[in-house]
> 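One structure follows; several queries about it will come next.
The sequence lines fix the lettering, A, B, ..., with proteins before strands; numbering per chain opens at 1. Being a predicted model, the structure only gives us computed values, none of them experimental.
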Protein chains: 2
Amino acid sequence: MNILIAEDETDIRNLIKINLEDNQYKVFAAKDGLEAWEILKSQEIHLAVLDVMMPGLDGFNLLRKLRTISNIPVIFLTARMDEMDKVLGLGLGADDYLVKPFSMNELLARIGAQLRRSHEYQAQKWVDNEVIEYGALTIDKKSCTAYKDQIPLELNAKEYKLLLLLMENPERVFTKEQLYNAVWGENYYYDDNTIMVHISHLRNKIETDPQNPEYIKTIRGLGYKLHKMEV
Amino acid sequence: MNILIAEDETDIRNLIKINLEDNQYKVFAAKDGLEAWEILKSQEIHLAVLDVMMPGLDGFNLLRKLRTISNIPVIFLTARMDEMDKVLGLGLGADDYLVKPFSMNELLARIGAQLRRSHEYQAQKWVDNEVIEYGALTIDKKSCTAYKDQIPLELNAKEYKLLLLLMENPERVFTKEQLYNAVWGENYYYDDNTIMVHISHLRNKIETDPQNPEYIKTIRGLGYKLHKMEV
DNA sequence: CGGTAATTTAAGGTAAATTTAATGTTTTCA
DNA sequence: TGAAAACATTAAATTTACCTTAAATTACCG
């Protein structure tokens with residue numbers, strides 16, 4: 001079970017992470033709403049524990065975004081008890097909350113209860129069919145398939161994930177390390193040659209002329225981006 | 001919405017009753033577990049608020065009986081916070097609890113949240129189809145049977161559940177972890193070899209040539225999906 | 001409690017995917 | 001302009017994901 005923790009206070013975040021991992025949960029920890037959102041978009045999350053007061057994208061607004069893509073249980077952490085009754089009772093999308101300071105046993109118990117119910121009713125709604133289009137490229141996330149001009153592209157897993165990341169973030173430049181972290185999911189030493197090989201393979205599969213790529217642009221010294229010239 | 005209150009302290013019971021009725025809930029009040037059980041057997045109840053410490057049939061034992069006939073949300077009221085974490089976390093059937101003394105707003109909020117979720121879950125169930133067809137495969141959910149070309153498939157429980165999930169979501173790629181979570185419903189470490197073995201067994205039972213499967217496709221590095229080539 | 005079915009674990013094999021190695025090309029900068 | 005760095009390409013080496021089968025374990029029933 002994958003749990004997302006979004007909490008800007010480092011010691012709280014780490015304490016929760018350790019306790020959850022001790023209870024066999026796989027934990028993704030974010031220090032703020034934006035980081036949490038990136039995790040939500042790229043990982044399968046079964047329950048989220050969100051701090052209300054976070055810089056930038058706060059807990060409430062993160063929940064609003066989250067609800068556009070998922071129906072997972074959400075537990076809020078708050079130092080302010082007032083207002084939470086309204087959030088909970090008015091159906092703004094939260095399932096539970098804990099007031100800081102809280103006992104770790106209580107958090108674990110409430111996580112357990114929410115996951116139990118969630119499982120019982122298959123509340124993890126499979127993400128609705130989502131199709132991403134960019135130029136002549138199309139990705140169908142549900143079936144993990146990719147097309148160019150409606151012709152299927154025979155991508156292997158790494159190539160598909162690279163293309164998905166780029167198509168979910170058109171025009172954004174990714175360093176090779178970022179690509180590595182996002183697709184390989186590791187955050188230690190890597191050899192960037194592996195990335196270049198995969199980019200080359202991906203170009204071979206999607207570009208009309210891979211040596212003069214139309215879509216996957218190299219930004220020398222920086223990284224790669226998905227970019228197609230306007231016509 | 002019909003709410004059951006089981007609480008031996010008269011003033012608390014009445015206070016809750018009045019507040020809930022002020023919020024348009026229809027309330028059935030019981031002064032002990034036995035009376036609550038009689039109500040549960042004869043009325044349609046959507047959520048129960050149960051006091052733990054009641055003479056005779058206490059809250060925990062009432063919950064056990066309740067769970068033999070119903071899956072409604074249950075909120076406990078307790079003066080003793082210890083032990084509730086276990087009840088909640090270990091899946092003994094409770095959904096939430098409040099420690100006395102509690103604010104009425106909080107009770108109302110938590111009732112609202114539980115009913116909202118419960119209603120979502122129920123809404124999901126209503127839209128389920130009884131018979132699902134995909135290619136030559138048919139599943140009859142009412143009788144938990146599966147057919148290929150009208151010939152019964154001899155599936156055991158796990159195989160049936162796997163096939164059902166796939167047929168409810170044709171073309172969708174499921175990671176092995178997703179299959180595990182959906183069919184096994186566990187939230188700790190699993191060995192994906194178990195999944196592969198079951199997929200192999202399922203293929204042996206539904207595919208004409210299991211080594212060149214027509215329906216259950218492997219997406220190497222990603223997962224499996226139900227997909228039949230168009231004819 | 002014994003027998004049987006279902007499920008999980010263990011083990012071996014294989015094809016595909018991934019990584020590494022090697023070489024060539026392009027770009028940047030002093 | 002030449003050297004160095006970054007990048008691209010291709011193929012070989014290595015690893016991994018997957019499949020199958022059978023043994024071991026667990027669950028269930030009479």
Side-chain angles (χ1 to χ4, degrees), chain A residues 144 146 153-166 173-186 188-227, chain B residues 144 146 153-166 173-186 188-227:
Chain A
C144 295
L153 298 166
E154 303 288 338
L155 306 181
N156 58 41
K158 285 290 196 309
E159 290 159 2
Y160 171 80
K161 286 176 179 176
L162 274 171
L163 185 60
L164 177 62
L165 180 66
L166 292 171
V173 175
F174 291 91
T175 64
K176 287 192 282 291
E177 188 173 8
Q178 283 170 332
L179 292 176
Y180 186 85
N181 289 340
V183 172
W184 276 255
E186 312 276 354
Y188 54 80
Y189 172 76
Y190 80 112
D191 180 353
D192 69 359
N193 185 57
T194 303
I195 302 289
M196 290 185 279
V197 169
H198 280 90
I199 290 286
S200 182
H201 288 160
L202 186 54
R203 279 175 170 152
N204 278 340
K205 290 185 180 180
I206 73 169
E207 303 279 0
T208 307
D209 178 7
Q211 293 183 303
N212 296 285
E214 192 177 6
Y215 287 95
I216 303 182
K217 305 293 185 184
T218 304
I219 319 297
R220 193 175 177 90
L222 291 178
Y224 302 96
K225 71 175 178 182
L226 187 67
H227 171 76
Chain B
C144 293
L153 298 167
E154 303 287 339
L155 305 181
N156 58 41
K158 289 292 197 313
E159 290 159 3
Y160 171 80
K161 285 178 181 175
L162 276 171
L163 185 60
L164 176 62
L165 181 65
L166 291 171
V173 173
F174 291 93
T175 62
K176 288 193 280 293
E177 187 175 8
Q178 284 170 331
L179 292 176
Y180 186 84
N181 290 339
V183 173
W184 275 255
E186 310 281 352
Y188 52 80
Y189 172 76
Y190 82 111
D191 180 352
D192 69 0
N193 189 56
T194 303
I195 303 289
M196 290 185 275
V197 169
H198 279 88
I199 291 284
S200 184
H201 290 161
L202 186 55
R203 279 176 169 149
N204 280 340
K205 292 184 180 179
I206 74 169
E207 302 278 359
T208 306
D209 178 7
Q211 293 184 301
N212 296 285
E214 192 177 7
Y215 287 95
I216 303 183
K217 305 294 186 186
T218 302
I219 318 298
R220 193 179 170 94
L222 294 174
Y224 302 97
K225 71 177 175 183
L226 188 67
H227 171 75

> Is the phosphate of C:dA5 approached by B:Asn156 (side-chain N or O, under 4.0 Å from OP1 or OP2)?
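False: B:Asn156 side-chain N/O out of range (4.0 Å or more) of C:dA5 OP1/OP2.
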> Crowded around B:Lys217 NZ? As in, over 12 foreign heavy atoms under 6.0 Å?
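Yes, the 6.0 Å shell around NZ holds more than 12 heavy atoms from other groups.
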> With the criterion being N/O to N/O and under 3.5 Å, what pairs connect the protein with nucleotides 16-26 of chain D, and how long is each?
residue, atom, partner, partner atom, Å
D:dT16, O2, B:Arg220, NH2, 3.0
D:dA17, O4', B:Arg220, NH2, 3.4
D:dA17, O3', B:Gly221, N, 3.4
D:dA17, N3, B:Arg220, NH1, 3.4
D:dA17, N3, B:Arg220, NH2, 3.1
D:dC18, OP1, B:Gly221, N, 2.9
D:dC18, OP2, B:Lys176, NZ, 2.0
D:dC19, OP1, B:Arg203, NH1, 2.7
D:dC19, OP1, B:Thr218, OG1, 2.4
D:dC19, OP2, B:Tyr224, OH, 2.5
D:dT20, OP2, B:Ser200, OG, 2.8

> For A:Asp209 and D:dT9, what is the distance between atoms CG and C1' respectively, to the nearest whole Å?
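After rounding, the reported distance stands at 14 Å.
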> Would you kindly give the CD-to-P distance between A:Glu154 and C:dA16, to the nearest whole Å?
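Rounded to the whole Å, the gap is 12 Å.
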> Could you walk me through whether A:Glu159 and A:Asn156 satisfy the side chain to side chain donor-acceptor pair (under 3.5 Å) test, starting with their C-alpha distance in whole Å, then the side-chain angles of each, then the deciding distance to 0.1 Å, before giving a yes or no?
CA-CA 5 Å; A:Glu159 290 159 2; A:Asn156 58 41; 3.1 Å; yes
> Any non-hydrogen side-chain atom of B:Val173 less than 4.5 Å from a side-chain atom of B:Tyr224?
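Side-chain contact under 4.5 Å: no.
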> Rounded to whole Å, how long is the line connecting atom CG of B:Leu162 with atom P of C:dA6?
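In whole Å, C:dA6 P and B:Leu162 CG are 15 Å from each other.
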> Looking at B:Glu154 and B:Lys205, is any side-chain nitrogen of the basic one under 4.0 Å from a carboxylate oxygen of the acidic one?
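Answer for the salt bridge query: no.
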> For B:Lys158 and D:dA27, what is the distance between atoms NZ and C1' respectively, to the nearest whole Å?
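Interatomic distance, NZ of B:Lys158 to C1' of D:dA27: 10 Å.
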> Starting at CG of A:Asp191 and ending at P of D:dA6, how long is that distance when rounded to a whole Å?
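Value for this atom pair: 13 Å.
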> Classify the ring geometry of A:His201 against A:His198: parallel below 30°, tilted from 30° to 60°, perpendicular beyond 60°.
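The arrangement is perpendicular - the two ring planes meet at more than 60°.
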> Using OP1 and OP2 only, check whether a side-chain N or O of A:Trp184 sits under 4.0 Å from C:dT18.
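So the side chain of A:Trp184 is outside the cut-off, no N or O lying under 4.0 Å from OP1 or OP2 of C:dT18.
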> Reckon A:Thr194 has a side-chain N or O less than 4.0 Å from the OP1 or OP2 of C:dT20?
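For C:dT20, OP1 or OP2 has a side-chain N or O of A:Thr194 closer than 4.0 Å.
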> Rounded to whole angstroms, how far apart are CD1 on A:Ile206 and P on D:dA8?
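A:Ile206 atom CD1 is separated from D:dA8 atom P by 13 Å.
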> Go through it in stages, so that I can follow the logic: the residues are B:Ile199 and B:Arg203, the test is side chain to side chain contact (heavy atoms under 4.5 Å, CB included), and I'd like the CA-CA distance, side-chain angles, deciding distance and then a yes or no.
CA-CA 6 Å; B:Ile199 291 284; B:Arg203 279 176 169 149; 3.8 Å; yes
> In whole angstroms, how far is the C1' atom of D:dT9 from the CG atom of A:Leu202?
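To the nearest whole Å, that distance equals 15 Å.
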> Would you mind reporting whether B:Glu207 and B:Tyr215 have side-chain heavy atoms less than 4.5 Å apart?
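Yes - at least one pair of side-chain heavy atoms lies under 4.5 Å apart.
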> Calculate the interatomic distance between A:Asn212 atom CG and C:dT26 atom P; express it in whole Å.
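Answer to the nearest Å: 10 Å.
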